[in-house]
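First the structure, in the form of structure tokens, and then the observations on it.
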Amino acid sequence: MVSVEHATDDTLERYSMRTLPRPEVESLEEHLLICQPCRDRLKATDEFGAAMKAAGKIREIEKSE
């Protein structure tokens, strides 16, 4: 059986936020092609980030009222 080294939570978060350095992006994207668990974790990371942005916007609106 081949051992697969999964992406760290930090790597997935930086990828989602588009702050991951280009060489690491390429390596991660190759891994994501073959790793469903990491794709699932990335999706959850993206969804969490979107929810945090929305919450921040709601707070800004509430402060301005």
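This chain uses plain numbering: 1 for the first residue, then up along the sequence.
- Applying the side-chain hydrogen bond (donor to acceptor under 3.5 Å, both in side chains) test to every pair with at least one member in residues 55-64, sequence neighbours left out, gives no pairs at all.
- Judged as a side-chain hydrogen bond (donor to acceptor under 3.5 Å, both in side chains), and not counting sequence neighbours, the contacts of Thr11 are Thr8.
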Side-chain donor/acceptor pairs under 3.5 Å, residues 13-29, sequence neighbours excluded:
{"from": "Arg14", "atom 1": "NE", "to": "Asp10", "atom 2": "OD2", "distance (Å)": "3.1"}
{"from": "Arg14", "atom 1": "NH2", "to": "Glu24", "atom 2": "OE1", "distance (Å)": "3.3"}
{"from": "Tyr15", "atom 1": "OH", "to": "Glu29", "atom 2": "OE2", "distance (Å)": "2.8"}
{"from": "Ser16", "atom 1": "OG", "to": "Asp46", "atom 2": "OD1", "distance (Å)": "2.5"}
{"from": "Thr19", "atom 1": "OG1", "to": "Arg14", "atom 2": "O", "distance (Å)": "3.3"}

Only pairs under 3.5 Å count here: list side-chain donor-acceptor contacts from residues 33-45, not counting sequence neighbours, and write none if there are none.
{"from": "Gln36", "atom 1": "OE1", "to": "Arg39", "atom 2": "NE", "distance (Å)": "3.4"}
{"from": "Gln36", "atom 1": "OE1", "to": "Arg39", "atom 2": "NH2", "distance (Å)": "2.4"}
{"from": "Gln36", "atom 1": "NE2", "to": "Asp40", "atom 2": "OD1", "distance (Å)": "2.6"}
{"from": "Arg39", "atom 1": "NH1", "to": "Leu32", "atom 2": "O", "distance (Å)": "2.5"}
{"from": "Arg39", "atom 1": "NH1", "to": "Leu33", "atom 2": "O", "distance (Å)": "3.3"}
{"from": "Arg41", "atom 1": "NH1", "to": "Ala7", "atom 2": "O", "distance (Å)": "3.0"}
{"from": "Arg41", "atom 1": "NH2", "to": "Ala7", "atom 2": "O", "distance (Å)": "2.8"}
{"from": "Arg41", "atom 1": "NH2", "to": "Asp9", "atom 2": "OD1", "distance (Å)": "2.7"}
{"from": "Thr45", "atom 1": "OG1", "to": "Arg41", "atom 2": "O", "distance (Å)": "2.9"}

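- Through direct or relayed side-chain contacts under 4.5 Å between Ile, Leu, Val, Met, Phe, Trp and Tyr, Ile61 connects to no other residue.
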